[in-house]
Participant: 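To start, I am sharing the structure in question, which I have written as structure tokens.
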Number of protein chains: 2
Amino acid sequence: MLRNTRSDVVRAAGRMFAERGYHGTSMRELGRELGLLGSSLYAHIDSKEDLLVEVVDRGAALFTEAAERALAAADTASGRLRALIAGHIDVILEHRDVVRTFLNEARMLDDAHRLRVVAARDGYEAQFRSVIAAGVDSGEFKTGADPKLASIFTLSVLNAVERWYRTEGELDRSALVDELYRFVVAALIA
Amino acid sequence: MLRNTRSDVVRAAGRMFAERGYHGTSMRELGRELGLLGSSLYAHIDSKEDLLVEVVDRGAALFTEAAERALAAADTASGRLRALIAGHIDVILEHRDVVRTFLNEARMLDDAHRLRVVAARDGYEAQFRSVIAAGVDSGEFKTGADPKLASIFTLSVLNAVERWYRTEGELDRSALVDELYRFVVAALIA
DNA sequence: CCTACCGATCGGTAGG
DNA sequence: CCTACCGATCGGTAGG
């Protein structure tokens, strides 16, 4: 039985916040998950909200970094859109608890922290929007497509994957990305 | 200052559960919203969870009934799909608090109640699926489209409207429905 | 719907 | 990371 690190605590918090929600998780339950008392958690952190801030910030960072890598790896608009989609799905499937907490519990943050997260999310969405706008300008996507709405709809479909996709199912990750890309791009090309 | 009815209590609960989450709402806060003490709520209900059950069940019923009306009002696959989409958006925009609680807080229900809600949601999704499948069979939609995945993607875009759409914005309801329909149907026809 | 209250649990602290 | 604890708040009840 080794000692828990601060990062163990954050990871377990992400798991529990994802499953039961922030307000549905008590410090004593979180401690039990790690084999210690609720009060012992305060050797690692200052407050419960610190844990939420840390998990949610990590979610924002994961998506932001994935977008950077995606945009560096492709140069056509459709190639970049596909890379953005693949990167988004990678983040969801590899950091599911963090993502669930990011998507569903960020609204429980106090104003200052929540606004910071909203800004990060807006910046991420803007990456999708400008890739779509570039594709419209270059003629790769159809004229008259609304990049703002298209990026909202695209992220709607992508984020929902957290809610329904099962790794154990018959649809594997690359097939999922294919289907998502085809669904999204159809509206941009049709 | 008239007396509150049970339905006032349920409505206020829907509002607060939507905003702060089920576990983030205390009975005392709910009472304050209605101008009475937390303990006085128990003259109307038996438990806090009763309120969640009632709000979530109402959400399920609203969607189910909207689907029935939609399917009765159109007969082609694309007409029915459009009516399903319009009906779904009507439910979201006219019962936003109920819908938010239905979508985000149903998982806080105990097993028995949650499974009932999941069954209702699956039945609702099946309506979308069979309309899409009918359109594929009739040749209205393209051969090879996967009705199951298409219905999941469609409901993903529709449900997300709760998260981003603002009634005060420049996009009015019928334009929203138009855009949603075009986005979804593009993948089925392209 | 209020008064008066219940035991349980909450997030968190002091000191080791 | 535990012991021992804090005041505050939780969902809920009895009786009116």
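Every chain is numbered from 1 and lettered A, B, ... according to where its sequence line falls, protein lines coming before strand lines.
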Participant: Rounded to the nearest Å, what distance is computed from the CG atom of residue A/Leu41 to the P atom of nucleotide D/dC1?
Facilitator: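 So the two atoms are 9 Å apart, to the nearest Å.
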Participant: What string of B, S and - do you get for nucleotides 3-16 of chain C, 5' to 3', if B is base contact, S is sugar-phosphate-only contact and - is no contact with any protein heavy atom under 4.0 Å?
Facilitator: BB-----BBBB---
Participant: Are B/Arg100 and B/Asp97 within salt-bridge range, i.e. N to O under 4.0 Å?
Facilitator: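 B/Asp97 and B/Arg100: not salt-bridged.
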Participant: Determine the sole option in A/Thr101, A/Thr25, A/Val56, A/Ile45 for which the side-chain contact (heavy atoms from CB on, under 4.5 Å) test with A/Leu51 is passed.
Facilitator: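 Result for side-chain contact (heavy atoms from CB on, under 4.5 Å) with A/Leu51: A/Ile45.
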Participant: Filter on salt bridge (charged side-chain N to carboxylate O under 4.0 Å, His left out), then keep only pairs touching residues 128-155 of chain B, sequence neighbours left out; what's left?
Facilitator: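 As it turns out, the salt bridge (charged side-chain N to carboxylate O under 4.0 Å, His left out) pairs with a partner in residues 128-155 of chain B, which skip direct neighbours, are B/Glu125-B/Arg129.
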Participant: Taking side-chain hydrogen bond (donor to acceptor under 3.5 Å, both in side chains) as the test, write out the residues that go with B/Asp57, two or more places apart.
Facilitator: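 B/Asp57 satisfies side-chain hydrogen bond (donor to acceptor under 3.5 Å, both in side chains) with B/Arg116 once adjacent residues are dropped.
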Participant: Looking at five pairs on each end of the helix from C/dC1-D/dG16 to C/dG16-D/dC1, what is the angle between the two axes, given to 10 degrees?
Facilitator: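 If I round to tens, the end axes sit 10° apart.
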Participant: Between A/Arg173 and A/Asp90, is there a salt bridge with N-O shorter than 4.0 Å?
Facilitator: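 Yes.
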Participant: Using salt bridge (charged side-chain N to carboxylate O under 4.0 Å, His left out) as the criterion, list what pairs up with B/Arg6, not counting sequence neighbours.
Facilitator: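 Salt bridge (charged side-chain N to carboxylate O under 4.0 Å, His left out) check on B/Arg6 returns B/Glu54.
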Participant: Run the salt-bridge test on B/Glu29 and B/Arg32 with the 4.0 Å N-O cut-off and return the result as yes or no.
Facilitator: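 The answer is no: the pair does not qualify as a salt bridge.
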Participant: Does any pair with a residue in residues 22-57 of chain A pass ring pair (Phe, Tyr, Trp, His ring centres under 6.0 Å), and if so which ones, sequence neighbours excluded?
Facilitator: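 Applying ring pair (Phe, Tyr, Trp, His ring centres under 6.0 Å) to every pair that reaches into residues 22-57 of chain A, excluding sequence neighbours, yields A/Phe17-A/Tyr22.
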